[in-house]
Amino acid sequence: MPLLELRGVTKGYVEKGKYFPVLDAIDLVVEEGEFVTIVGPSGSGKSTIIRIAAGLIPPTGGQVLYRGQPLAGPNPGAAIVFQNFALIPWLTVQENIELVLEARGLPPRQRVRTALKYIDLVGLDSFEDAYPRELSGGMKQRVGFARALAVEPELLLMDEPFSSLDILTAAGLREEFLKLWTGGKLSIRSVVLVTHNIEEAVLMSDRVVVLSARPSRIVGEVSVALPRPRDPHSSDFELIMDRLYALIVSSHIGR
Amino acid sequence: MGLLSAALWSTFRVFVAYIFSLLFGIAYGILAATSPQRERLMVPLLDVLQSVPILGFFPIAVSVLVFLFRGQRIGLELAAIFLIFTSQVWNIAFGVYETVKTFPQDILEMARSFGMSSAFVVKRLYLPALVPTVLYNSGVSIAVGWYFLMASEIITLGNVEVRLPGLGTAMMRYVASGNLPGMLGTIGTIVLVNFCTQWFLFRPLLEWSNLFQFGAVGSAPEEPGLVTFLRDRIRWNWFSRSFDAVLLLGERIREKRKLLVALRFLLLGLFLGALAYFLFWLLQPPYTPRLVEIPASLVLTTLRVVVAVVLSIALSFPFAVRAAESGGGVRNLYTLAATMGSVPAVIFYPLIVRGVGQEYMGFAAILLLLTGSFWYTLFNMLKGALMVPSTIVEMARGFGIRGFLYYRTILIPAMFPSLITGAITAWGGAWNASMVAEEVNFGKEVFSLRGIGSLLLSATASPRELLWVVLAMTLWIVAINILFWKRWYGWAAAKYALSE
């Protein structure tokens, strides 16, 4: 049974009596153990798909299944890493993580233990008592990762988590996440990443799904069967990049 | 010694009223901002309550409370605290409402995605996020509370005058007996109390409140000793648990839908019945000369209020400009303004009026209205000036945009929404001051100006006439708010919003 399944999902909004479609019949299956990336131009419904999968917004049409069950309300098996970190400014690193554990009903002692474990895991030890405003962008996103991992989800949803970081920081963080993912120490079964960076998609995922501009449809997908860690300069890597480019360009010409 | 006990009594009243304002304002603001249904009812109501001259309702509140407590002192104390409360609470409620309304969307999404319940969101996200706004508006509220304290300690019931012990009563006594050292001592005490409140309480708290600001940068502010002290001493768990209990009670009540609907209809029926009877009683003849006088009096007072508001804006402008350019000096200006704003100009007023005499009383009245409105425009415009993004100021500097061009194209438009907010609150403040500006008793001499305030005072003996005057004034102010200020605010907020 797939972990997550979107069946003919549409989404749109009504403004001044007119319907504006954002997503147009999206079919997407995320198997257990899979790392799927959705790429698409800005303004396509990439983030909307993440929010629908997390159960934050209901689809206008179609079905969302999690472990075969239709989703009603926030998905308890999923956690999100946000593009703009979404950290609470008046809480320290540790308190930010403890907050979501408290919301899940963990007792105080276990909260501290779990928070410290994941702070350690993302390499933020000795920054437990720092406030988000005192951290660099890369470190803030480490907190974002630690918070999402700390609730020990099955499905990790990443909404352009590297987009607001500088190139070097983003590269370092990607590499570290892949190490954790392939290391098998995490509770996560599957990952859905949303990005507009094609190299990032090929570098990280098992499968890349290409989205068209609004109203978004899936124009095709490319599987990446390369062993990790991947070398962006290898010919196999470049071949897959080229196929992805071709797919994206054809979707633009098509309209 | 007399002054000390008077000061303690007055401070006690202001702070008791403030604590109620805080609790009520926060609850009201959060409730109004978190449900569209409630919002539709509570925001217009807030608008009305905020703009209605509280002093006009004071005689009515006093008679009700005195009746309930059969003339006991506690009834009078409650009436005084109630008056101060009504002068403080709407400002806080509105700030809370606005802050919750503009709470960052991505944080709310985060909260939902991690399964935080709405009670959890209120307790752990909304309440802390309210700290900066609530503290900023509290400074204003406390100052305004002192302003009205003076009017609240001397209560006229028909032809009996009751005095509560306090600085307001002390001042009146010194004025009546022409005791200059006494007057100066009283004013000095008020200034001292307020300066201490602002300097030792609100100033450190305001600096610390930057921690709770979304998007703030730089190192986190130090925790003031007061906060550490409170955190260690108070059993917050108890607070948290009682908060949960209140929420649970609310949910239990909401679950009993049938009962709730029935209750709502019952209340609506009772209300409509009472309203019909009330209108019948109010609208039946005879129409006494005082009622015929209402329209002309309203127009005269309105003219004075408009002059005062325009002057307030003009006088606040230079301060706001300085604040926008320097940024750092604003905290001092805020402390100074909050201290000065608390000096109740009402108490000098009889002296001034007697000095200028009946012919020039109109000018003196506008001066008094100014003291009741200037602080509102100043506080709001300072706040607006602080929120002008530094990138815009730097851009202007970088491109050499200076002088008149700078004010016309950058600074004034950037501050425009807060200027309008300031004007609206100043308009309310000036109306309020009108209630005391138009009639002055100095010893045996009586000075009087034609206007709605003096009309109201002359009508206190007859409940029906009093209600007529108060209601006519309320309707008039609310109508102007809806037809004029609301539209203007909507336009300014849309056109000059500082976001892309």
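A note on names: the letters A, B, ... follow the listed sequences, proteins ahead of strands, and every chain is numbered from 1. Treat the numbers as computed from the prediction; the structure is a model and nothing was measured.
The CZ atom of B:F114 sits 9.5 Å away from atom CD1 of A:I97, with the distance rounded to the nearest 0.5 Å. Between the CD1 atom in A:I80 and the CG atom in B:D106 there is a gap of 11.0 Å [rounded to 0.5 Å].
Counting non-hydrogen atoms of other residues, nucleotides and ligands closer than 6.0 Å to CD of A:E32 gives a total above 12. At most 12 heavy atoms of other shown residues, nucleotides or ligands fall within 6.0 angstrom of atom CZ in B:F20. For CZ of B:R487, the number of neighbouring non-hydrogen atoms (other residues, nucleotides, ligands) closer than 6.0 Å is 12 at most. Residue B:F229 places its CZ atom among 12 or fewer non-hydrogen atoms of other residues, nucleotides or ligands, all under 6.0 Å distant. Residue-environment remark: CD1 (A:I167) stays at or below the threshold of 12 foreign heavy atoms within 6.0 Å. Heavy-atom contacts from other residues, nucleotides or ligands closer than 6.0 Å to CZ of A:R189 number 12 or fewer.
Across A:R133 and B:N210, no two heavy atoms sit closer than the pair NH2-OD1, 2.6 Å. Of all heavy-atom pairs between A:W90 and B:R124, the closest is CZ2-O, 3.5 Å. Contact detail for B:M110 and A:F82: the closest heavy-atom pair is CA-CZ, 3.4 Å.
Looking at A:V151, the atoms closer than 4.5 Å to chain B (heavy atoms on both sides) all sit in the side chain, from C-beta outward. Both the backbone and the side chain of B:F214 come within less than 4.5 Å of a heavy atom in chain A. Heavy-atom distances place the side chain of A:R51, and not its backbone, under 4.5 Å from chain B. Within the 4.5 angstrom heavy-atom criterion, atoms from both the backbone and the side chain of B:L125 approach chain A. Looking at A:A130, neither its backbone nor its side chain comes within 4.5 Å of chain B, counting heavy atoms on both sides.
Of the residues considered (A:L87, A:L157, A:L99, A:L101), A:L99 shows the highest number of contacts with chain B, using heavy-atom pairs under 4.5 Å. Chosen from B:A129, B:P104, B:P128, the residue pairing most often with chain A at heavy-atom distances under 4.5 Å is B:P128.
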